[in-house]
Amino acid sequence: MSDLSPDQFMPLRTQLAARFIHPRTQGIEIGALNYALPLPADCTVKYVDKSTNEDLRKFWTGHHGEYAPVDILDDGATLASVPDGSLDF
């Protein structure tokens, strides 16, 4: 998706979320920055990133708007701090 603009990839992400993420579930989103996925009603999400919001703003100077609040500092490839089977998505 890196070659696509947010106008191109957000509609697809929104459609996928509506199809596969159900109400009253809980999960994580990795690396949301300022493009957090719109979720169905009553979902609970925690945002995972390898850096704090402050560090992300310093690194991604071209991104504008409000960033998703980083709740969990972790490597998105390993998710060592998230117990297996503890989330719905």
Side-chain angles (χ1 to χ4, degrees):
M1 282 194 201
S2 62
D3 294 335
L4 301 175
S5 72
D7 290 340
Q8 294 170 308
F9 69 74
M10 285 304 288
L12 176 58
R13 290 182 71 213
T14 302
Q15 288 174 1
L16 290 170
R19 183 171 178 190
F20 293 107
I21 300 176
H22 304 288
R24 295 176 300 285
T25 57
Q26 40 184 330
I28 57 173
E29 183 173 353
I30 302 167
L33 289 177
N34 58 330
Y35 298 111
L37 184 63
L39 295 171
D42 300 330
C43 282
T44 302
V45 64
K46 292 195 177 212
Y47 297 99
V48 178
D49 213 298
K50 63 181 179 181
S51 302
T52 64
N53 281 104
E54 181 180 346
D55 289 341
L56 290 169
R57 282 186 190 88
K58 289 177 188 174
F59 184 78
W60 296 104
T61 58
H63 289 266
H64 303 288
E66 189 161 336
Y67 280 43
V70 176
D71 300 302
I72 301 171
L73 287 172
D74 203 344
D75 179 337
T78 62
L79 298 173
S81 67
V82 179
D84 289 346
S86 64
L87 301 168
D88 302 306
F89 63 91

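This one's a predicted model, so the numbers in the text were calculated from it and none came from an experiment.
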Decide side chain to side chain contact (heavy atoms under 4.5 Å, CB included) for I72 and V48; before the verdict, give the C-alpha distance in whole Å, the side-chain angles of both, and the deciding distance to 0.1 Å.
CA-CA 5 Å; I72 301 171; V48 178; 4.0 Å; yes
Tell me, which pairs form a salt bridge (charged side-chain N to carboxylate O under 4.0 Å, His left out) where one or both residues lie in residues 44-58, sequence neighbours left out?
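Non-adjacent pairs meeting salt bridge (charged side-chain N to carboxylate O under 4.0 Å, His left out): E54-K58.
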With sequence neighbours left out, write down each residue that passes salt bridge (Lys or Arg N to Asp or Glu O under 4.0 Å) with E66, or none if nothing qualifies.
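None.
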Working to the nearest 0.5 angstrom, can you tell me the gap between F9 CZ and T14 OG1?
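Spacing of CZ (F9) from OG1 (T14) equals 10.0 Å.
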Which atom pairs, one a donor and one an acceptor, fall under 3.5 Å between side chains of residues 81-89 and the rest of the protein, sequence neighbours left out?
from	atom 1	to	atom 2	distance (Å)
S81	OG	D74	OD2	2.7
S86	OG	P83	O	2.7
D88	OD2	Q26	N	2.9

List in chain and number order the residues that pass side chain to side chain contact (heavy atoms under 4.5 Å, CB included) with Q15, two or more places apart in sequence or in another chain; answer none if no residue qualifies.
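If we apply the side chain to side chain contact (heavy atoms under 4.5 Å, CB included) test to Q15, skipping adjacent residues, the hits are L12.
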For residues 28-41, please give each side-chain donor-acceptor pair under 3.5 Å, one per line with the distance, not counting sequence neighbours.
from	atom 1	to	atom 2	distance (Å)
E29	OE1	L37	N	3.0
E29	OE2	R13	NH2	2.6
E29	OE2	L37	N	3.4
N34	OD1	H63	ND1	3.2
N34	ND2	H64	O	2.4

Applying the 4.5 Å side-chain criterion to the ILVMFWY set and letting contacts propagate, would L73 and F59 be lumped into a single cluster?
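Linked within one cluster.
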Measuring only between side-chain heavy atoms, which start at C-beta, is N53 closer than 4.5 Å to V70?
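N53 vs V70: side chains touch.
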